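Encoded as structure tokens, the structure appears first; notes follow it.
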Amino acid sequence: MLSRFFDRLKEGLTKTREALAGRIAAVVSGAGRLDEETLEQLEAILIQADVGVETASRLMEALRQRARQEQFQGSSSQVLALLREEVVRLLGAADQGLPFASLPARPYAILVVGVNGVGKTTTIGKLAKRYTDEGHKVMVAACDTFRAAAVPQLEIWAGRAGVDIVRAQQGADPAAVAFDALAAARARRADVLIVDTAGRLHTKVNLMEELKKIRRSLAKQDPRAPHETLLVLDATVGRNALAQEQIFGRTAYVSGLVMTKLDGTARGGVLVPVAQASDAPIKLIGVGEGVEDLQPFDARAFSRLLVGLED
Ligand SMILES: Nc1nc2c(ncn2[C@@H]2O[C@H](COP(=O)(O)OP(=O)(O)O)[C@@H](O)[C@H]2O)c(=O)[nH]1
Ligand SMILES: [Mg+2]
């Protein structure tokens, strides 16, 4: 199971690995020791791969210090191991994923937020399947009542996962739909309720207000709901994902991040500054459009692939 995940991750990260691990290997194997020139070359590679100036220079400073402190010969495997450890540190190594097997509340209400097109609905479909596979009874709520195509799209995913959907007409009040959905989930003894939301309203302020209203209407029935608020970010937009994290992270009570579309982009390095900037950990990653292409985020496996130590 684990190696299947790793292989899929490795495949999904092919382009990012070429942009990072491949080039890092070339620099450190040619260098022989960790001198200033090597550090500068490493820093440039990281910056070009969307790790960003600030995070890259922080990583280099950490390497510089560690190289001074420890028994350090500067072999390429030693440099890679150090870099990998520092990346893990920034990504947050602790296991802080979603609960899958045993749930701390029932129905466990998961609110999914993020701008248009980042992969919210797709992620919900994949998550619904995952929870169903765990033996849980899942329901989804179509609270993106803003876009005409949003409900049928969620219906297709609900059909694939074999779960019930609560929906309303286009233009309905999303907070009322959320309220009805949680009531239905309680009445039908569902274990998990996943709430889809709109990613675009007339203004950012409207969007945040709407998300707050949805939270309040869930909390009316269960003061601790939503138990989880997942912010979905699209890795292909690179550093724009950081700006989105800043907007939602401050006002939407985000408890976890989902980084989607890591497959087919060379910009996977952006996870490092995003993780660093966010108070909430990265919990899931999307590595494809299929129902199986959602993985719990594993900082160690990720940094191993990013930096390049495939032992
Ligand atoms: N390659 C790839 N595409 C994805 C992934 N997640 C979502 N998508 C695609 O991104 C597009 C927008 O997804 P959607 O779920 O509609 O985004 P939403 O507007 O946030 O609900 C769709 O074409 C999805 O198939 C992923 O992990 N990898
Ligand atoms: Mg959607």
Side-chain angles (χ1 to χ4, degrees), residues 5 7-17 98 110-130 140-161 163 165-172 174 177-178 181 193-201 204 207-208 210-211 214 229-238 240-241 243-245 247-248 252 254 256-271 274 282-298 301-302 305:
F5 264 141
D7 290 345
R8 183 72 195 90
L9 180 64
K10 187 174 171 185
E11 188 191 324
L13 285 177
T14 300
K15 287 196 179 158
T16 296
R17 282 167 49 225
L98 283 188
I110 304 172
L111 183 65
V112 180
V113 305
V115 306
N116 233 15
V118 289
K120 290 182 297 300
T121 305
T122 307
T123 297
I124 289 167
K126 295 169 177 174
L127 258 186
K129 173 74 164 50
R130 177 72 207 273
V140 295
C143 293
D144 180 357
T145 59
F146 190 75
R147 238 169 22 102
V151 175
Q153 192 197 359
L154 188 61
E155 264 170 344
I156 290 170
W157 276 107
R160 269 181 210 150
V163 307
I165 175 169
V166 174
R167 74 194 140 214
Q169 276 168 354
Q170 194 193 345
V177 181
L193 173 70
I194 315 176
V195 180
D196 199 6
T197 62
R200 181 170 53 92
L201 286 184
K204 212 158 59 189
L207 176 55
M208 294 306 153
E210 176 172 303
L211 293 176
I214 292 175
T229 301
L230 297 178
L231 170 62
V232 182
L233 298 171
D234 173 348
T236 65
V237 303
N240 267 338
Q244 291 171 24
E245 191 285 322
I247 294 167
F248 282 86
V254 172
L257 306 180
V258 184
M259 298 293 310
T260 60
K261 310 189 198 180
L262 276 166
D263 55 303
T265 181
R267 316 186 92 171
V270 77
L271 264 69
V274 166
I282 299 172
K283 296 198 169 181
L284 298 164
I285 54 173
V287 290
E289 290 182 277
V291 73
E292 304 286 345
D293 295 327
L294 185 74
Q295 297 196 352
F297 180 61
D298 177 341
F302 188 83
L305 290 169

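Both ligands and their constituent atoms are indexed starting at 1 by order of listing. Predicted model only: the values in this text are computed from it and were never measured.
- A pairwise comparison of heavy atoms in Gly288 and Lys126 identifies O-NZ, 2.6 Å as the closest pair.
- Cys143 and Val195 get closest at one heavy-atom pair: SG-CG1, 3.6 Å.
- Heavy atoms of Gly117 approach ligand 1 to within less than 4.0 angstrom.
- Nearest to atom 4 (C) of ligand 1 by heavy atom, out of Lys261, Met259, Gln295, is Lys261.
- Counting only heavy atoms from C-beta outward, the side chains of Leu262 and Arg267 never approach each other to under 4.5 Å.
- Not a single heavy atom of Val232 sits less than 4.0 Å from an atom of ligand 1.
- Here is the list of ligand 1 atoms found below 4.0 Å of a heavy atom in Gly286: 27 (O).
- Using modelled atom types, one finds a donor on one side chain and an acceptor on the other under 3.5 Å when comparing Asp196 with Thr121.
- Looking at Gly119, Ala235, Gly290, Gly288 and measuring to atom 26 (C) of ligand 1, the nearest heavy atom belongs to Gly288.
- Arg147 and Asp144 are joined by a salt bridge, as a carboxylate oxygen and a charged side-chain nitrogen come within less than 4.0 angstrom of each other.
- Every atom of ligand 1 is numbered from 1 in the order shown, and the set under 4.0 Å from a heavy atom of Val287 is 27 (O).
- Between Glu292 and Arg130 there is no salt bridge, since no side-chain N of the basic residue sits under 4.0 Å from a carboxylate O of the acidic one.
- The Mg ion (ligand 2) has Thr121 OG1 as its protein N, O or S neighbours under 2.8 Å.
- Protein heavy atom in closest approach to atom 1 (N) of ligand 1: Asp263 OD2, 2.7 Å.
- The Lys120 neighbourhood of ligand 1 comprises atoms 15 (O), 17 (O), 18 (P), 19 (O), 20 (O), 21 (O), with distances under 4.0 Å to a heavy atom of that residue.
- Note on ligand 1: Val118 sits in its first shell, one or more heavy atoms being nearer than 4.0 Å.
- Within ligand 1, the atoms closer than 4.0 Å to a non-hydrogen atom of Gln153 are 14 (P), 15 (O), 16 (O), numbered from 1 in the order shown.
- Of the protein's non-hydrogen atoms, the one nearest atom 3 (N) of ligand 1 is Glu289 CG, 3.1 Å.
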